[in-house]
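In this chain, numbering begins with 1 at the start of the sequence shown. These numbers come from the heavy atoms of this one structure, side chains and all, not from hydrogens, waters or symmetry mates. As the structure is a prediction and not an experimental result, all values here were calculated from the model.
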Amino acid sequence: MDVDLTPKLAKQIYGGDGGSYHAWCPSELPMLKEGNIGAAKIALSKNGFALPRYSDSAKVAYVLQGCGVAGIVLPEKEEKVIAIKKGDAIALPFGVVTWWYNKEDTELVLLFLGDTKTAHKAGSFTDMYLTGSNGIFTGFSTEFVSRAWDVEESVAKTLVSSQTAKGIVKLDAGFQMPEPKHSNRDGMVVNCEEAPLDVDIKGGGKVVVLNTKNLPLVGEVGLGADLVRLDGSAMCSPGFSCDSALQVTYIVRGSGRVEVVGPDGKRVLEAHLKAGNLFIVPRFCVVSKIGDPDGMDWFSIITTPNPIFTHLAGKTSTWKALSPQVLQAAFKVSPDVEKLFSSKRSAEEIFFPPPN
């Protein structure tokens, strides 16, 4: 496998007093283009406002830090104003218009991961802004804008040209944005830090999975996602996605090591991971991670809404399903060695606590 899988940090694309927009570039992380995956972040300072926009890609948004307000307009639906906080995951299908606002002192940081199969550029998101210096209506003639909106041409010019910033602005401290409604979170948001755990192994780790059951909109997005919290020095079982999905992983907190093995038993990635790193596991490659003493958390998307994984260690692994004779023949070992192997990891699954 010739594609460079080295984990990368995002680079700032633009920014100002209100905040900044960062993205991972396919030229530096080739698997983005290879796998048709986009990845970006928005960081909003106090009173920062990400202008209304829509994208050429379906995405999952994840709140990495802070709390704020999101405005979401699904096609032919009313605006939903939603309070968001750290740990929230939001599915954003095609055609959705969004805006984001931070009124708190703590910076609001959002991660966006998505599928770029239908995007203008493979491996990159292209956002279409409704206002601002690069807004859609700056490209229309004043005649077209005034007729579309049924306003005088002078008013049309004011509406189109008054906002001179691009993408993100800083609002005046006293400006009143719409208040969110708690009921608007229903069916739109799942908080991965508060949701029921799908996996909870003492000394090993915890997992919350996003799928069509707890967040139906991921079916429209075509992606699954999970938040994994690996305990200090614990190991995540070697495994692979058995439905040809890609795994796109962002390190949220902590640090650790990762190894990925591809065709012909070749190790295609061996790296030390830290917060902010993004990497992609190619289809059918086997990945395993070991946390540093402080542990490691990561948020991943999988390019199918209801992913299925096969593990190669632990009580639910393929090895436990195979008969002893097959193991002896496959490994070319004696029955005694096979029995020793089969007796191990009979209780643990997915995560393995550090050795005593």
Side-chain angles (χ1 to χ4, degrees), residues 5 7 31-32 34-39 57-62 87-94 111-118 123 187 189-193 195-201 204-230 235-252 258-263 268-269 273 278-289 296-318 320-321 349-351:
L5 302 180
M31 271 304 299
L32 291 172
E34 186 88 8
N36 269 310
I37 297 295
S57 305
K59 308 173 186 175
V60 173
Y62 182 75
D88 278 352
I90 310 157
L92 302 174
F94 283 115
L111 172 71
F112 299 90
L113 302 174
D115 186 343
T116 65
K117 283 198 294 287
T118 60
V189 182
V190 170
N191 189 278
C192 296
E193 296 184 356
L197 296 171
D198 293 280
V199 177
D200 184 5
I201 297 175
K206 302 175 177 63
V207 183
V208 169
V209 177
L210 292 182
N211 52 36
T212 53
K213 292 181 181 178
N214 55 11
L215 192 59
L217 276 177
V218 300
E220 294 185 38
V221 173
L223 302 169
D226 58 26
L227 176 68
V228 179
R229 286 172 278 180
L230 189 65
M235 181 182 195
C236 182
S237 166
F240 65 94
S241 171
C242 56
D243 47 10
S244 78
L246 294 165
Q247 300 174 60
V248 186
T249 299
Y250 176 88
I251 306 302
V252 175
V258 62
E259 292 187 1
V260 178
V261 176
V268 293
L269 176 63
L273 302 168
L278 183 92
F279 71 99
I280 300 173
V281 179
R283 290 179 175 88
F284 300 113
C285 287
V286 178
V287 59
S288 183
K289 308 177 191 74
M296 181 168 62
D297 301 352
W298 63 85
F299 183 79
S300 296
I301 64 164
I302 303 94
T303 55
T304 179
N306 295 294
I308 302 172
F309 289 96
T310 294
H311 294 280
L312 299 177
K315 73 174 186 179
T316 58
S317 73
T318 300
K320 300 300 183 186
E349 57 179 317
I350 304 178
F351 300 122

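Two residues are said to be in side-chain contact when any heavy atoms from C-beta on lie closer than 4.5 Å; Met31 and Ile37 fail this criterion. Side-chain atoms of Trp298 and Leu273, non-hydrogen and from C-beta on, never get closer than 4.5 Å to each other. No side-chain heavy atom of Leu5 sits under 4.5 Å from any side-chain heavy atom of Phe279. Between Arg229 and Leu197, some side-chain heavy-atom pair lies under the 4.5 Å cut-off. Phe309 places none of its side-chain heavy atoms less than 4.5 Å from the side chain of Ser237.
Taking every heavy atom of both residues into account, Ala91 and Leu217 meet most closely at CB-CB, 3.6 Å. Pairing each heavy atom of Leu223 with each of Ala58, the nearest pair is CD1-O, 4.4 Å. Nearest heavy-atom pair, Val190 versus Ala195, reported as atom, atom and distance to 0.1 Å: CG1-CB, 4.0 Å. The nearest pair of heavy atoms linking Phe299 to Val252 is N-CG2, 3.7 Å.
Atom CG in Leu269 sits 11.5 Å away from atom CD1 in Ile280 (nearest 0.5 Å).
For Ala61, the side chain to side chain contact (heavy atoms under 4.5 Å, CB included) criterion is met by Ile90, Leu92, Trp100, Phe112, not counting sequence neighbours. Remark: Lys59 pairs with Asp127 by the salt bridge (charged side-chain N to carboxylate O under 4.0 Å, His left out) rule, at least two apart or across chains. A search for side chain to side chain donor-acceptor pair (under 3.5 Å) contacts involving Lys320 returns nothing, not counting sequence neighbours. Taking Ser288 as the reference, Met235, Pro238 meet the side chain to side chain contact (heavy atoms under 4.5 Å, CB included) condition, with sequence neighbours excluded. Under the side chain to side chain contact (heavy atoms under 4.5 Å, CB included) criterion, Asn211 pairs with Val209, Lys213, Asn214, Asn306, sequence neighbours left out. Residues passing the side chain to side chain contact (heavy atoms under 4.5 Å, CB included) test with Thr310 are Phe240, Cys242, Leu312, Thr318, sequence neighbours excluded.
Among Val221, Val248, Leu210, Thr249, the single residue meeting the side chain to side chain contact (heavy atoms under 4.5 Å, CB included) criterion with Ile301 is Val248. Checking Leu246, Leu113, Asp115 one by one against Thr303, the side chain to side chain contact (heavy atoms under 4.5 Å, CB included) holds for a single residue, Leu246.
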